[in-house]
Amino acid sequence: DSTEIRRKSVVYFAFNNSVQIEAEHKLPADVQVTGFHKIGFAMLRGTGKRYQTNKNKVAELLDSYGDRLKDLDRSGIEKLTRLARLNLVTTFEALESTAKLYNVPLNGTELTVAFDLLNDCDTATRLGSIDFDDMIRTPNLMGLNQKQFNVIFIDECQDLSKGSLELIKRTAQDNCQ
C-alpha cells in the first residue's frame, strides 16, 4: 500500500545530479532524494572531523611522484586507482584482481605505483583532504553507519560500485525493503 510506504522513511538514491533534480520535482515531498556522494559526505561530517574537498587530489598526488612516473601509463594508473577506491580495495592482490576485472593492462611497476597512490590517497584523507571518491570510500572504510531508511529506491542499480552498494547498506534500517 503506497500510504503505508509513505509513512516510512523513504529514500531515492539518484545516480547523478540531473536525475536528482528531476526526481525532486516528481517524487512526493516525503521521499528524500539524495546522491551517494551527498550521503557519504554527511556521514563524514557526522564524525566531527573537518574535511577539505579537493577535486584534484589524485592528480596532485601523481604530480608529486615526478620522475617515478617516467615511461609509465599515468592515465592507466589513475584509472585503476579510481576503480580500486570505489570498490574498497585495500590490498595489492585485490588491486591486481581489479586491474584484470576492468581490463586495465598495467605492468608490475605501474601496479606498484597505483597501490602506492591508493595508500597515499587514504593518507591524505586521514589528514582531512577528500575528493568525490572519498565520499563513498571513507565512510565504508571507517565503518560509519547512518541507519535511517526503511525503504530504499536506487537509480541505475546495475551500475553501482561495491563502495556505493555498501554505502547504501549503511543507511538501511534492519527492516529495510
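Atom CD of Gln20 and atom OH of Tyr12 lie 10.0 Å apart (nearest 0.5 Å). Residue Asp133 holds its CG atom at 9.5 Å from OG1 of Thr125, rounded to the nearest 0.5 Å. Taking CD of Glu156 as the reference point, atom CG of Asn16 lies at 8.5 Å (rounded to 0.5 Å). Note that CG of Asn87 is 10.5 Å distant from CZ of Arg82, once rounded to the nearest 0.5 Å. Remark: Thr98 OG1 to Asn103 CG distance equals 13.0 Å, nearest 0.5 Å. Going from atom CZ of Arg50 over to atom CZ of Arg45 covers 11.5 Å, rounded to the nearest 0.5 Å.
Between the side chains of Asn140 and Thr138, no donor-acceptor pair is found at a separation under 3.5 Å. No hydrogens or angles considered: a donor-acceptor pair under 3.5 Å links the side chains of Tyr65 and Asp120.
Lys162 NZ: 12 or fewer foreign heavy atoms inside a 6.0 Å radius.
The aromatic rings of Phe13 and Phe36 lie parallel to each other, with less than 30° between the two planes, well short of the 60° mark.
Residue Phe132 is grouped with residue Tyr51 when hydrophobic side chains (ILVMFWY) are merged at heavy-atom distances under 4.5 angstrom, including chains of intermediate members. Met135 and Leu61 are members of different hydrophobic clusters when ILVMFWY side chains are connected at heavy-atom separations under 4.5 Å. In terms of hydrophobic clustering, with Ile, Leu, Val, Met, Phe, Trp and Tyr side chains grouped at heavy-atom distances under 4.5 Å, Leu117 and Leu80 are assigned to a common cluster. Linking ILVMFWY residues whenever their side-chain heavy atoms come closer than 4.5 Å, directly or via other members, leaves Ile136 and Val19 in distinct clusters. Following chains of ILVMFWY side-chain contacts shorter than 4.5 Å, one cannot reach Phe153 starting from Ile21, and the two form parts of different hydrophobic clusters.
Closest approach of Thr91 to Phe115, counting heavy atoms only: C-CE1, 3.4 Å. Considering every non-hydrogen atom in both Thr47 and Leu144, the closest pair reads CG2-CD1, 3.7 Å. Residues Val33 and Ala23 come closest through the heavy atom pair CG1-CB, 3.9 Å. Nearest approach of Ile152 to Ala172, heavy atoms of both residues: CD1-CB, 3.8 Å. Closest of all the heavy-atom pairs between Asp134 and Pro139 is O-CD, 3.4 Å. Residue Glu110 comes nearest to Pro105 through the heavy atom pair OE1-O, 4.4 Å, listed as atom of the first residue, atom of the second, then distance.
For Ser164 (side chain) and Leu160 (main-chain N/O), no donor-acceptor pair under 3.5 Å exists by modelled atom type. A distance-only check finds a donor-acceptor pair linking the side chain of Asn107 to the backbone of Thr109 [under 3.5 Å]. Using a distance-only test at 3.5 Å, with no hydrogens or angles considered, a donor-acceptor pair links the side chain of Lys57 to the main chain of Cys121. Between the Asp67 side chain and the Lys70 main chain, no donor and acceptor come within less than 3.5 Å of each other.
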Could you go step by step and tell me if Glu166 and Lys169 meet the salt bridge (Lys or Arg N to Asp or Glu O under 4.0 Å) rule? CA-CA 5 Å; Glu166 291 302 315; Lys169 288 178 183 179; 3.3 Å; yes
Checking Gln148 against Ile39 for the side-chain contact (heavy atoms from CB on, under 4.5 Å) test, could you report, in this order, the C-alpha distance in whole Å, the side-chain angles of both residues, the deciding distance, and whether it holds? CA-CA 11 Å; Gln148 60 188 33; Ile39 202 85; 3.8 Å; yes
Using the side-chain contact (heavy atoms from CB on, under 4.5 Å) rule, take Gln32 and Leu27 through it: C-alpha gap first, then chi angles, then the decisive distance, then the call. CA-CA 9 Å; Gln32 181 177 339; Leu27 294 174; over 6 Å; no
I'd like to know whether Val151 forms a side-chain contact (heavy atoms from CB on, under 4.5 Å) with Ser9, so could you lay out the CA-CA distance, the side-chain angles of the two residues, the decisive distance to 0.1 Å, and finally the verdict. CA-CA 6 Å; Val151 177; Ser9 181; over 6 Å; no
Apply salt bridge (Lys or Arg N to Asp or Glu O under 4.0 Å) to the pair Lys26 and Glu22, showing each step before the final yes or no. CA-CA 6 Å; Lys26 291 183 176 182; Glu22 182 180 351; 2.7 Å; yes
Working note: Leu111 + Phe92, criterion side-chain contact (heavy atoms from CB on, under 4.5 Å); need CA distance, chi angles, decisive distance, verdict. CA-CA 8 Å; Leu111 284 169; Phe92 188 82; 3.9 Å; yes
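When side chains are defined from C-beta on, Glu96 does not count as touching Leu106, because their heavy atoms never get closer than 4.5 Å. Within the 4.5 Å cutoff, side-chain heavy atoms of Asp159 are placed close to those of Phe15. You'll find the side chain of Val113 reaches within 4.5 Å of the side chain of Arg68, heavy atoms only. Put simply, the side chain of Gln52 does not reach to within 4.5 Å of the side chain of Ile130, judged on heavy atoms. Two residues are said to be in side-chain contact when any heavy atoms from C-beta on lie closer than 4.5 Å; Gln146 and Arg170 fail this criterion. The shortest distance between side-chain heavy atoms of Asp73 and Glu78 does not fall below 4.5 Å. Put simply, the side chain of Thr34 reaches to within 4.5 Å of the side chain of Val11, judged on heavy atoms. At a threshold of 4.5 Å between non-hydrogen side-chain atoms, the residues Thr90 and Leu95 do not count as touching.
Of the residues listed (Lys55, Arg137, Arg85), the one engaging Asp131 in a salt bridge (charged side-chain N to carboxylate O under 4.0 Å, His left out) is Arg85, and it is the only one. Checked against Ile77 for a side chain to side chain contact (heavy atoms under 4.5 Å, CB included), the options Val58, Asp116, Val104, Leu72 give a single hit: Leu72.
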